[in-house]
Structures are given as structure tokens and as C-alpha cells.
Amino acid sequence: MKTKDQQSNLAKNFIPQDIESTLYQQWEDAGYFGVSNDDPRPAYTIVIPPPNVTGALHMGHALDHTLQDILIRFKRMDGFATLWLPGTDHAGIATQNVVERELEKKGQSRQEMGRKAFIDQVWEWKKQYGSRIVEQIRRMGSSCDWSRERFTFDEGLSHAVRHAFVSLYNEDLIYRSTYLVNWDPKNQTAISDLEVEYQEVKGMLTYFQYPLEQGGHITVATTRPETMLGDTAIAVAPDDDRYQNIIGQYALHPWLDRKIPIIADPYVKKEFGTGAVKITPAHDPNDYEMGLRHQLDMISILNKDGTMNEHAGPFQGLDCKEARKKIIAGLQEKQLLVKQEEHLHQVGHSQRSGAVIEPLLSKQWFVRTEPLAQEALAAVQTSKTTFIPEKWNKTYYQWLENIRDWCISRQLWWGHQIPVWYCDDCQKETAAIEDPATCQHCQSHHIQQDPDVLDTWFSSGLWPFSTLGWPDASKDMEKFFPTQVLVTGFDIIFFWVARMMMMSLKFTQQVPFEKVHIHALIRDEHGQKMSKSKGNVVDPIDLIDRYGADALRFSLCALSVQGRDILLSEKKIEGIRNFINKLWNAGKFVEHVCQDQQQAAQPPQPTLSINQWIVHRLHEVIGQVRHNLELMKFNEIADQLYHFIWHEFCDWYLELSKPHLYGQHVQEKQETIQTLLYAYNTILQLTHPIMPFVTETLWQNLPLYRETKSIMLSSYPQTQKLTTEVDMKKISHLMACITLIRTIRSAHTIKPSTKISIHLWNQKNQEVIDFLQSHAIYMQELANVDHISYSAPASKENTGYDVIEGTEIAISLEGLVDAQEELQRLQKEEKKALDDIQFLSKKLKNPKFVAKAPEKLVQETKDKLKQAELTHQKLQEQLQQHSS
RNA sequence: AGGCACGUAGCUCAGUGGGAGAGCGCUACACUGACACUGUAGAGGUCGGCAGUUCAAUCCUGCCCGUGCCUACCA
């Protein structure tokens, strides 16, 4: 405990830059973030959604990490063995691209370097730049257990990946097959369906004729004329009268020596185009399916770089665009072109490179997803895992119910190389966890490993358990798995959440997490998605530099409404910065008035009404905050704390406490100090999970004996049954009277420094007046009242007058009361009372209301009406005074 | 095409089957010793439109209008 001098230890305002990094370092060095798997307390585990190792912290991470850290810090304080496991993702394509671009600048390429040298290069790069994101996570204040930090490509996780692959392979849940895949011609790799993004593009629908073998022709419509080089059929609807006579005949290819059969297939819609579709099985998913149904030839006309191959005849070597142009020109020349019309259609682009996706036939590895999906589906249906908010269940179901096999091989170098070896001698394949020396079928030494690597999401899918030591039996796995909650955005429900569910259920027979909290997307203040091209990207590190991590965290928490996007504006953060300053200055006040007091932080049993009131309110707030933490209603938590701290604790309680703190009554002063310290200490603890830095700083500075060295290790406040009776109604009435006096003053522009005398009386309720009289000091201090008479004045002329809940207030201020102003105010008040009477009596006159509405409500309405009538009557009397 | 949201104060958004809330902005007054990153008081809304259920609807139901997002193979 530091001894205190007369000077404050606290600066005028909170300056986050001064304390954040050293405080974080202290926490980390002291080992507060770590947890032992021997810890006997119940576990609470979160695994971080591993950010891309090449990445930088963006707003999405900032939100994600804020929410996770709030939960982790809350649970840690609340007595759980808390593990927040951090790490990063090797992010195959993204990382490879970054390093390739670097090489390009130096005039090098990975092809020149060769595979091994290139991968070494990427590792070098990772070592040098991969810590950036990790450092940025620290700046958020995230209390991760860094001793357990993992990387999806480190040794342990690579082992897990191989184990998973081989297990699935042995169960025939992974297979290799030639299939029409999404080909990214820029990265020259296959990608999964999920990595294809569709954009609406204005294109041309080209109508052209195929000559028929027996004379005449048939007109087809297509958005991609160049694929006609791979056409192996023309399909029509089986019941299309126009084409009945030519089904089974052949069309002739204008450039290639090929006869193209006319086939009938129910897939074709008569209404679209001409009702006749050219079929290119090797370059269109639907055509591919049809090709399988009709055993059509599948002629691939594209090279892997997207140019025309040897099957394209005279067009070989051209890229798609050029080929399209030349073909249209050629058709025109041959008088086969019918027309072209504008046409809007969806075109797939690579999520990573932006290149137009080419469906391409190639041999790839796939995961057979259906059996895995069924279990993943059932786990959510039976609530073993629940989504928050619940609406995401449906999204999850829909995808899993219609799931297609997952293409997991990528023609890249950076990633987990597929653990399958092909034998040069017997041609068979060997899948193995450890690199085999020989073919398991013929023992030949001439084996080659498959050059492809796995989709990054394959390793991410194992993340919740591979990071805890799986497939080995580990104490971490035993203690911390399954995890309690996953916090992430909806954009990766399919990519990641669903796959973790499938993998975890398959390999551990358990769900990976009990809850999945899906948070919103962060947009700019105008609701626009943040993107580099729009130039509206907000850098969280920049915001931390300027406002502090606490302000950013609290803002994100306050804006995090379930199921809705977040619009982040700098104004909001400024507001929270001000709030932090408020909390800070309250801390300075506490320090100032408590001097050398060192009290135990026990809940006091105060005798003064105001102290009873704040303790009572505090415990209501503790209950609400705990409740909303469990429900993960983050905005509610922030709102409740904001309102309570600023508008109840600071605006009311601190002001109400001053008469005692600055007064001479030793016992009252003592009690108030104790209550103040207790309340403030509790407020800091309640707020700590959201704003760790400022609360720790203020807490360290409190003149209190404490059981722990850091607020983050102290116990989270609990609600307690308070033994003192508190008449909240009377205190509310007192506050309402204070507000009313201020209102009257303000209406007459009486300077705050001018002392006034007032009359205060209540004809119906002497008890209320007794209470007000015994609490007069507060009215005097908070409304700058000099003298109070507890009876009606002899004359109500030249007074500011109002009535509240039967208590009448008259401010006598000869000469200062503006008669006109007063009249208007009273008229307004009177009208309000009259509206009340009308509203309430209308209800009560309705016999159905009296008969059917809850009795309590009817009684309340009656009471309110009585009150309104009284108020109205008093105001009318006063108005008569004015007119006379 | 199917699915999911959302239309509440000038702006950004909470909220509930029983008389509309916050933050910012705006107006007036005030540098009383925690705080001008402040205090006090105030102005401002047919809760998108139309019907229905109900004693009672901003909230529940249906339709309509408007705005976003996700999924999907229409050549």
C-alpha cells in the first residue's frame, strides 16, 4: 500500500499512453494471464479465432477480442480457471501471395527459387513480420495466455493435421477424384465453393447458330461464346415441340471436326433464350452434371493459366477475352451470329485474387462432408451447441443440409502438404502420418509425395482441440476441452464454425464449444462496409493511440447489439473518452476526501438514507450486469454501467455525499467515506472487464486494503441481500423536489449563485414533509436554497410555484420572478395535468378495462388519476392567483 | 429465385403487450475546491403505411412500401 501525500497521485485527466503498455507488461510478467491445467477450479475456455499471421489488427479483430476479453476477465474474477488461448493462422493463399509480391519487387519468383527455398523464405517472413498482429492484440489489453500461443503451421498442429487427414482417408471420408472445380487462374489453384464470390456483371447474351448435319440449323444462347470450343452436346427440353424432330441428330462444329449430338434433358428451360442450350461439360457445373448423365465427352479447352489449349483449334494460346472476341467475329463472318443482347448475370470471382473463376476439370482431394455434416447438424438441433443470437441456427442448418463435398487440395506451396505418396512402380498411393520410406503396397522406394497442400481451413477446423494437444492425450485437453464459447463474426460460420463442429464431433466425439456468439460486422459511421478502396478503413491501433484501448473497448462493447451491424463513429469514442475522464475524476474525488483512510472493502450497513440508497442501487446494478454478462448482452452492460456511474453515482451520489464529507459530524462523515469507498471500489471491479487499464490504475490508487495485488485477480462483485431497509420512493421524491426547484430557478433565469428561500408543504402527507425536513441539507446544497419553510406562504404572489406528487413548492423571490414567464410555465404544467386526467379517466371509464386488466394496473391507474387531479387542482388555484 | 434482418427525436441507435428512451447535435444559464473531456435546465417523435388480434399495440399477426445482407447452377 502506497502512503499518500497531500498531492494527488492522479493526473488531471487520464492519459492512457502513460500507463497501458507498462501495465500490460506487468500483468503479463506477473503471470496473471496464465492458467495451470492442475487448477482445481472449473475451467472456462475460449480459443481465439486465429488471425492471419501476415495481417494487421482491424476493427473486426478489435471487436472480437474486446468481447472475448470481457468474458475472460469476468470469469477469471468470478473464480474460474480461465484460459484464453491465442494464436495465428498460416493462411495459405494470403500469405503466399504476400511473400510472392515481395519477391516480385526484387525481380524473383518462387518458380525460380524452388519449393524448399520458397517455403524457407515464407518462414523467414513470418518470423520477421508475424509478431505484428500479436503485438497489436496485446495493445487491446487482451488477457491471453501467451505461454500457450499456437500457430496453425507449427509442429504440433501439423501433426494434428496429418493425423486428421489420415484418419479421414482411412475411413474413406477423404477421396481423390477428377471433378469440375473452381479454378483461380491467377493463383493457379483450385479453391472451394466458399471461396468463390459472386458479383452481378453486365454481360452479353450471344445467340448463334449451329449448322445441323442434315441441313438447317439450331440457335443457342450463351454468355460465354468461347466455351463453344468445348461443346459436346446441345440440349433441349424433352417436351419442347419445336425440337422434337431433331433430338438424336447431330450439329456440326463450325471450327472443329466434331459432331455434336442434340440431346433432351429436363434441366433445360423452354422459356429461356431459344430453349436450346450448348453443353460444355468441362467448363460449367450444370453442363458437367448433364455430361455425366449422358456420358458426354468432356473436353477441356483451357490451360491452367486461363489461356486456350490445344483443343481450341485455331484459337489456341489466346486468353478467354480475346478468344471470345475472335469467336464472335468468326461467327459473324460465317453468318452464324444471330444477335447479342445485354444480360445481367452472376460471375464468380476468387475471394483472394479477384480473378474470374473458371470451372475446370482437374484431379483434386475432397472431404466427403455429408456424414460429418449430419452430426454437426444434430449437435445444434439438440442444443449441445447454441448460437447467440439464435437466428444463426437457421443459416447454419441451411448450409449443412445442402452441403457439397469440400475440395481441400490447393496447388500452392505454403501449407500442410498432403500426406499421400504415389508409387512410381505400382502406381498405388500411401497415406501416412509419418513420412514413409517405402510404398506400403509394394515396398518400392520410388515414391513421391503429392505436391499439393491443404486448404487453410482444414487446419483451422481442428483449432479448438489441436491447440490443446490433440491427438495426444493431454492434461490441457482434459481440463480445457470442450471450450465454453466461440466469439466470431457471421462471415465465417460456414468457413470455420461449421467445419470445427464437423471435425470436433468426428475426432473428439464432443462439440468444440458450448456457445457460439456471433457478433456484428463493423461499418463506418454512414453504414458503409470498411474497405481499402473506399478509403474508409479505421485502424484500431490509431484509435488506441489517440483515445486509449479502454475507450475503444467500451465503445465497441456499448455498440455491440446482438444481431445488428455496428456503425462506429469517432464521436462515439470521444464520448466514451469523456466518460472515462468522469470515472477518473470521481477517483480523484474519492482520493481527495478519503485522505489517509484505509478501510476494508466490506459492504457497509449505512444509516444515512443517501448511503443506503447508493448501496441499494449498486446491488441492483451488480445483478443486472452479471445477468447481462451471462447472456452476452454487451450493449446492455455498457449502458447500465455508463448510466449508473455518470448519472447516478457522480451526478447524484457524489453531490449528496458532500455535505457529510465536508461536514463536521464525525460519524456521518465516517460512514459516508466507507460507503463511498465501497461503492467506488465495486464500480471499478464491475467495469474492469471492459476497461482494464483505467480501472486497474484507479484501483491501485484507492486508499483501501485489498486482498489481491491486481484488480484483475479480485473477486467480481456479487449481489447481496441488504439488511437495511431503504425507502427508495422517499429518496426519489427528494430528488424530484430538488430537480423541480432547479427547474423553477432555471425558468426564471435565477443565477445558480443566488440563494433562494422556499416554502414546501403537503396537505395530504405530513410524513413526506417530515422526511424532506430531515433531509433539508440536500435541497439546500444541491439547489442552493437558503431557507425552507414547511408551510404554505401567506401569499403566493410573486412566487415561482409548482406541485409534485402532492408536495407544493413555492419560491419567494420578490422582483426576480418574471410574471409572464411564470404564467406560461404554469399553463403548460396545467395542460399536462389535464392531459393526464383525460388519458387516465378514459381508461377507467372503459368497463372492459376495469374488468379485464390486471387488478394492480387498475389500482395504479386510479391512484395516478387521483394524483393528477390533485396536481391539476393546485395548479388551477395558482393560476387564479395570477389572473386576480 | 429462396432465406434473414431492418424502417423509433436532426444524426447514430437502444427498448417494452399497459402513459416513448440514450448518446451526439441544438437552446439557455453557470468556470461553488473531482471533472469545461464539466454542471444545471430545456426544445425536439402519429415509433414506415394499411388492416387484424386484444380491455390495451411502437411491440403480436397479415398485407403493402422502402433499405440492407446471405444463400443459389438459369444457359
Side-chain angles (χ1 to χ4, degrees), chain A residues 8 10 12-14 193 198 205-206 220-224 227 235 267-269 271-280 284-290 343 345-346 348 359 391-392 394-395 398-399 402 490-491 493-494 521 523 525-527 529 547 551 558-559 561 563-569 571-572 574-593 635-636 639 642-643 647 650-651 654-655 658 662 738-739 742-747 749-753 781-784 835-836 839-840 843 846-854 857-858 860-861 864:
Chain A
S8 171
L10 301 175
K12 188 173 182 319
N13 292 333
F14 175 53
D193 295 337
Y198 287 89
L205 190 60
T206 303
V220 294
T222 180
T223 52
R224 302 185 58 199
T227 61
Y267 161 75
V268 180
K269 291 189 181 69
E271 313 79 45
F272 191 90
T274 61
V277 194
K278 57 186 275 312
I279 302 300
T280 324
D284 181 278
N286 298 309
D287 294 6
Y288 177 76
E289 295 293 326
M290 208 184 289
H343 180 68
H345 63 138
Q346 303 284 328
K391 67 165 181 174
W392 294 109
K394 210 166 177 179
T395 310
Q398 273 176 356
W399 189 69
N402 302 303
F490 63 83
D491 49 331
I493 290 180
F494 306 144
L521 214 67
R523 298 168 179 279
E525 58 195 309
H526 308 293
K529 216 169 178 171
Y547 298 100
L559 291 168
V561 178
R564 191 158 175 153
D565 283 348
I566 292 177
L567 273 58
L568 186 76
S569 69
K571 277 272 179 214
K572 180 75 190 182
E574 250 176 56
I576 299 304
R577 189 263 324 262
N578 296 352
F579 169 65
I580 293 171
N581 192 239
K582 193 76 183 174
L583 183 66
W584 181 263
N585 278 291
K588 285 181 68 177
F589 176 73
V590 171
E591 179 194 44
H592 173 68
V593 297
N635 66 312
E636 300 272 344
D639 287 349
Y642 183 95
H643 182 267
H647 298 302
C650 290
D651 286 352
L654 292 189
E655 296 307 320
K658 281 174 186 174
Y662 293 144
I738 292 171
T739 301
R742 289 164 167 176
T743 305
I744 298 169
R745 291 183 62 123
S746 184
T749 332
I750 297 167
K751 284 196 171 185
S753 55
E781 293 292 324
L782 271 65
N784 202 19
D835 288 348
D836 280 0
F839 173 82
L840 294 162
K843 275 193 169 183
N846 179 354
K848 284 182 180 171
F849 172 74
V850 181
K852 291 200 173 182
L857 183 72
V858 177
E860 262 174 37
T861 310
K864 278 187 197 165

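A, B, ... follow the sequence lines: proteins, then strands. Residue 1 opens every chain.
- Residue A/D836 places a side-chain atom within donor-acceptor reach of the base of B/rG19, judged by atom type and a 3.5 Å distance cut-off alone.
- Between the side chain of A/K394 and the base of B/rG3 there is no donor-acceptor pair of N/O atoms closer than 3.5 Å.
- Residue contacts shown for A/L654 include a base, since a base heavy atom lies under 4.0 Å away.
- Place A/D565 and A/H592 on RNA chain B by their nearest nucleotides, and A/D565 ends up nearer the 5' end.
- Closest to the side chain of A/P752, out of B/rA30, B/rG18, B/rA72, is B/rA30.
- Using P as the reference atom, B/rG17 and B/rC26 are 35 Å apart when rounded to the nearest Å.
- Mapping A/D835 and A/V850 onto RNA chain B by nearest heavy atom places A/D835 at the nucleotide closer to the 5' end.
- Separation of the C1' atoms belonging to B/rA43 and B/rC60 is 34 Å when rounded to the nearest angstrom.
- Within 4.0 Å (heavy atoms only), A/V561 reaches sugar-phosphate atoms of the nucleic acid but no base atom.
- Distance check on atom C1': B/rG39 versus B/rU12 gives 25 Å, rounded to whole Å.
- Taking every heavy atom of both residues into account, A/L568 and A/L559 meet most closely at CD1-CD1, 3.6 Å.
- A/R577 has no side-chain polar atom (N or O) that falls below the 4.0 Å cut-off from OP1 or OP2 of B/rC37.
- A/E289 comes within 4.0 angstrom of nothing in the nucleic acid, heavy atoms only.
- Residues A/Y662 and A/V593 have side chains in contact (heavy-atom distance under 4.5 Å, counting atoms from C-beta outward).
- Between A/K658 and the phosphate of B/rU32, there is no side-chain N or O to OP1/OP2 separation shorter than 4.0 Å.
- Within the 4.0 Å cut-off from OP1 or OP2 of B/rG42, at least one side-chain nitrogen or oxygen of A/T743 is found.
- In this structure, the NZ atom of A/K843 is 9 Å from the P atom of B/rG18, given to the nearest Å.
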Any protein N or O atoms within reach of nucleotides 22-25 of chain B? Criterion: under 3.5 Å, listing atom names and distances.
from	atom 1	to	atom 2	distance (Å)
B/rG23	OP1	A/H647	NE2	3.3

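- Across all strands, A/T739 comes closer than 4.0 Å only to sugar-phosphate atoms, never to a base (heavy-atom distances).
- A salt bridge between A/E655 and A/K658 is present, with a side-chain N of the basic residue lying under 4.0 Å from a carboxylate O of the acidic one.
- Of the side-chain N and O atoms in A/Y662, one or more sit less than 4.0 angstrom from OP1 or OP2 of B/rA34.
- Within the 4.0 angstrom heavy-atom criterion, base atoms lie near A/P854.
- Taking the P atom of each, B/rU61 and B/rA57 are spaced 16 Å apart, rounded to whole Å.
- Nucleotides B/rC59 and B/rC24 are separated by 26 Å at their C1' atoms, to the nearest Å.
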Practice item. Might you work through the side-chain contact (heavy atoms from CB on, under 4.5 Å) test for A/R745 and A/T743, ending with a clear yes or no? Key: CA-CA 5 Å; A/R745 291 183 62 123; A/T743 305; over 6 Å; no
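- Residue contacts for A/S753: at a heavy-atom cut-off of 4.0 Å it reaches no nucleic acid atom on any strand shown.
- Side-chain to base pairing of A/K269 with B/rC74: one donor and one acceptor N or O lie within less than 3.5 Å of each other.
- With rounding to the nearest 0.5 Å, the separation of CG in A/N581 from NZ in A/K588 is 9.0 Å.
- Closest to the side chain of A/D651, out of B/rC35, B/rG39, B/rC74, is B/rG39.
- Here the closest heavy-atom approach between residue A/G275 and residue A/V268 is recorded as O-CG1, 3.4 Å.
- A straight line from OH of A/Y198 to C1' of B/rA75 spans 14 Å, rounded to a whole angstrom.
- Between the NZ atom of A/K751 and the P atom of B/rC31 there is a distance of 7 Å, given to the nearest Å.
- Atom name P, nucleotides B/rG21 and B/rG2: the rounded distance is 41 Å, in whole Å.
- Using a 4.0 Å heavy-atom distance criterion, A/E655 is classed as a base contact.
- Comparing the same atom, C1', in B/rG68 and in B/rG62 gives a spacing of 23 Å after rounding to whole Å.
- Spacing between atom CG of A/N581 and atom P of B/rU38 amounts to 7 Å, rounded to whole angstrom units.
- Here the shortest heavy-atom pairing between A/P359 and A/D284 reads CB-N, 4.1 Å.
- Look at CG on A/N784: it is 19 Å from P on B/rC29, rounded to the nearest Å.
- Taking only side-chain atoms of A/T222, from C-beta outward, the nucleotide of B/rC55, B/rA75, B/rA34 with the closest atom is B/rA75.
- When base pairs are accepted only as Watson-Crick or G-U wobble with both N-N or N-O distances under 3.5 Å, RNA chain B takes part in stems of 3 or more pairs at B:1-7 with B:65-71, B:10-13 with B:21-24, B:26-30 with B:38-42, B:48-52 with B:60-64.
- The residue A/V268 sits close to a base: some heavy atom pair falls under 4.0 Å.
- Between A/W399 and A/F494, the ring-plane angle classifies as parallel under the 30° and 60° cut-offs.
- Per the geometry, CG belonging to A/L857 stands 10 Å off C1' belonging to B/rC55, to the nearest Å.
- Side-chain contact check for A/R742 versus A/N784: every heavy-atom pair is 4.5 Å or farther apart.
- Centre separation under 5.5 Å together with a plane angle under 30° holds for the ring of A/F839 and the six-membered base ring of B/rG19, marking them as stacked.
- What you find for A/T280 and A/T227 is that their closest heavy atoms are CG2-O, 3.3 Å.
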Review point. Can A/F849 and A/T861 be said to form a side-chain contact (heavy atoms from CB on, under 4.5 Å), step by step?
Key: CA-CA 11 Å; A/F849 172 74; A/T861 310; 3.9 Å; yes
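- Between the CD atom of A/E636 and the C1' atom of B/rC13 there is a distance of 13 Å, rounded to whole Å.
- As rounded to the nearest Å, B/rC29 and B/rG19 have P atoms that lie 37 Å from one another.
- By the 30° and 60° cut-offs, the orientation of the rings of A/W392 relative to A/F490 is parallel.
- Atoms CG and CG, from A/L583 and A/N578 in turn, are 12.5 Å apart once rounded to the nearest 0.5 Å.
- Contact annotation for A/F494: backbone-only contact, meaning every heavy-atom pair under 4.0 Å involves sugar-phosphate atoms and none involves a base.
- Remark: the A/K391 side chain and the B/rC4 base include no donor-acceptor N/O pair separated by less than 3.5 Å.
- With rounding to whole Å, A/Q346 atom CD is found 14 Å from B/rC69 atom C1'.
- A/N635 comes within contact range of the sugar-phosphate backbone alone, with a heavy-atom separation under 4.0 Å but no base atom that close.
- If you check every strand for non-hydrogen atoms under 4.0 Å, A/L840 touches a base.
- For A/Y267, whose side chain is taken as the heavy atoms from C-beta onward, the closest listed nucleotide among B/rA75, B/rC55, B/rG39 is B/rA75.
- The two residues A/N585 and A/N13 make their nearest non-hydrogen contact at ND2-OD1, 4.3 Å.
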